[in-house]
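Report on the structure given below.
When a residue number appears, it is its place in the shown sequence, counting from 1. Everything numeric in this text was worked out from a predicted model, so none of it was measured.
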Amino acid sequence: MTLRQRPGFLGGPTTAQRLRRAANLLNGSTLAGLAVALAARTRISRGPRGMIIAAGYPWRLPFAHAYTLGNVVLCRCTAGDLLSRPALLEHEERHCTQYACCLGLPFIPLYLVAAAWSMLRTGNPGTANIFERRAGLAAGGYPLTAGRKA
């Protein structure tokens with residue numbers, strides 16, 4: 001099944017995806033994502049399943065190929081390149097849901113604590129990070145196993 005055949009892509013977002021989009025708008029995380037996207041001068045476009053793609057992200061931090069703020073996926077590549085990587089896009093979509101579940105911007109300090117814990121345990125910010133594990137380590141480009149002994 002290709003990305004274009006996935007539910008919620010051609011027919012618009014599902015009810016759950018619309019609720020997530022509304023929650024992230026209300027909790028301010030999507031607005032924060034749009035503010036960062038505008039400040040970084042990215043190319044903003046509508047993505048699948050209620051997401052917004054901010055392509056051409058130029059800033060050095062964070063180091064990731066793509067990251068999410070609310071329902072905004074900021075990526076270093078073009079929107080077309082991101083859309084051609086359905087596993088990465090689904091990984092970032094799971095982070096959109098995590099923002100909604102954490103009531104928006106509180107996700108950021110929670111994520112940073114989880115990344116620090118993962119660094120202490122594995123030497124990698126994602127391998128033992130509960131948020132990355134639930135979003136799919138391999139899809140996010142993280143190693144599945146620890147780089148050093150815990």
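Across all their heavy atoms, Leu69 and Gly33 have their closest contact at CB-CA, 3.5 Å. Looking at every heavy atom in both residues, Cys75 comes nearest to Ala66 through CB-CB, 4.0 Å. The shortest non-hydrogen separation linking Ala128 to Arg121 is CB-NH1, 4.2 Å.
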Hey, mind stepping through Trp117 and Ile130 against side-chain contact (heavy atoms from CB on, under 4.5 Å) and telling me if it holds?
CA-CA 10 Å; Trp117 170 251; Ile130 187 68; over 6 Å; no
Go through Met51 and Leu89 one step at a time and tell me if the side-chain contact (heavy atoms from CB on, under 4.5 Å) criterion holds.
CA-CA 10 Å; Met51 292 183 287; Leu89 192 61; 3.9 Å; yes
The test is side-chain contact (heavy atoms from CB on, under 4.5 Å); show your working for Val36 and Val72 and say whether it passes.
CA-CA 10 Å; Val36 169; Val72 180; over 6 Å; no
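Among residues two or more places apart in sequence or in another chain, the side chain to side chain contact (heavy atoms under 4.5 Å, CB included) test is passed with Arg94 by Glu90, Ala135. For Thr30, there are no side-chain hydrogen bond (donor to acceptor under 3.5 Å, both in side chains) partners, not counting sequence neighbours. Under the rule for a side chain to side chain contact (heavy atoms under 4.5 Å, CB included), the partners of Leu112 that lie at least two apart in sequence or sit in another chain are Ile108. Judged as a side chain to side chain contact (heavy atoms under 4.5 Å, CB included), and not counting sequence neighbours, the contacts of Ala115 are Tyr111, Pro125, Asn129. Under the ring-ring contact (aromatic ring centres under 6.0 Å, His included) criterion, Tyr142 pairs with no residue, sequence neighbours left out. Leu26 pairs by the side chain to side chain contact (heavy atoms under 4.5 Å, CB included) definition with nothing, not counting sequence neighbours. When the salt bridge (charged side-chain N to carboxylate O under 4.0 Å, His left out) test is applied to Glu93, the partners found at least two apart in sequence or on another chain are Arg20, Arg49.
Side chain of Ser118 to main chain of Asn124: a donor-acceptor pair is present (N/O by atom type, distance under 3.5 Å, no hydrogens or angles). Between the side chain of Gln98 and the backbone N or O of Phe131 there is at least one donor-acceptor pair closer than 3.5 Å.
Residue pairs meeting the side-chain hydrogen bond (donor to acceptor under 3.5 Å, both in side chains) criterion with at least one member in residues 33-45, sequence neighbours excluded, do not occur. Under the side-chain hydrogen bond (donor to acceptor under 3.5 Å, both in side chains) criterion, the residue pairs touching residues 69-79 are Asn24-Asn71, Thr78-Asp81, with sequence neighbours excluded. The ring pair (Phe, Tyr, Trp, His ring centres under 6.0 Å) pairs that include a residue from residues 23-54 number zero, where partners must be two or more places apart or lie in different chains. Within the structure, the ring pair (Phe, Tyr, Trp, His ring centres under 6.0 Å) test picks out the following pairs touching residues 68-92 (sequence neighbours left out): His91-His95.
Distance check: Leu82 CG to Leu74 CG gives 10.5 Å after rounding to the nearest 0.5 Å. The CG atom of Leu144 sits 8.0 Å away from atom CZ of Arg133, with the distance rounded to the nearest 0.5 Å. Here CG of Leu110 is found 11.0 Å from CG of Leu105. Values are rounded to the nearest 0.5 Å.
A single hydrophobic cluster is seen to contain both Ile44 and Tyr99, as judged by linkage of ILVMFWY side chains at heavy-atom distances under 4.5 Å, directly or through other members. When the side chains of ILVMFWY residues are joined at heavy-atom separations under 4.5 Å, either directly or via intervening members, Leu34 and Ile53 end up in two distinct hydrophobic clusters. Taken together through direct or relayed side-chain contacts under 4.5 Å among Ile, Leu, Val, Met, Phe, Trp and Tyr, Leu88 and Leu137 form parts of separate hydrophobic clusters.
Counting heavy atoms of neighbouring residues, nucleotides and ligands inside a 6.0 Å radius, atom CZ of Arg134 does not exceed 12 of them.
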Donor-acceptor list for residues 56-65 side chains, cut-off 3.5 Å, not counting sequence neighbours:
residue	atom	partner	partner atom	Å
Tyr57	OH	Leu61	O	2.7
Tyr57	OH	Tyr67	OH	3.2
His65	NE2	Arg85	NH1	3.2

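Residues Asn27 and Ser29 have side chains that bring a donor and an acceptor to within less than 3.5 angstrom of each other.
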